[in-house]
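Step one of this worksheet: look at the structure below.
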Amino acid sequence: MAPLDYPDTGTTLEERTEIRPDNGDHDKFSHYVRKEKILESAMTGNPVIALCGKVWVPGHDPEKYPVCPDCKRIFEGLPGGDKPSDKQ
């Protein structure tokens, strides 16, 4: 993260990246997430991060939705990616 300099004003701003979880209602896909993270989220309410980068707190039944094409493509490219995975 590099500072942004504004020479005419003598001001330096630092760029900040903030992850904002969403409830996933706009995105009707099941995503690949590490199993222990799903369990941890269920206990703590903390958001999870899918292989595709989606950040949210799981709450819907993953069997009702198709698998996220980005998660699937990434998973299949991983070593052992031909094995079944945990979806949420």
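For reference, positions follow the sequence shown, starting with 1.
Rounding to the nearest 0.5 Å places NZ of Lys64 at 9.5 Å from NZ of Lys28. Rounded to the nearest 0.5 Å, atoms CZ (Arg73) and CG (Leu51) are 10.0 Å apart. The line from NE2 of His31 to SG of Cys71 is 5.5 Å long, rounded to the nearest 0.5 Å.
Remark: the backbone N or O of Pro62 is paired with a side-chain donor or acceptor of Ser30 at under 3.5 angstrom. Side-chain atoms of Ser41 never come within 3.5 Å of backbone atoms of Lys37 as a donor-acceptor pair (strictly under, hydrogens ignored).
Residue Pro47 comes nearest to Val55 through the heavy atom pair CB-CG1, 3.8 Å, listed as atom of the first residue, atom of the second, then distance.
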**Request:** List the steps, then state whether ring-ring contact (aromatic ring centres under 6.0 Å, His included) holds for Phe75 with Tyr32.
**Result:** CA-CA 8 Å; Phe75 177 74; Tyr32 287 111; 5.0 Å; yes

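In this structure, the side chains of Leu39 and Glu36 stay at 4.5 Å or more apart for every pair of heavy atoms. Counting only heavy atoms from C-beta outward, the side chains of Phe29 and Lys54 never approach each other to under 4.5 Å.
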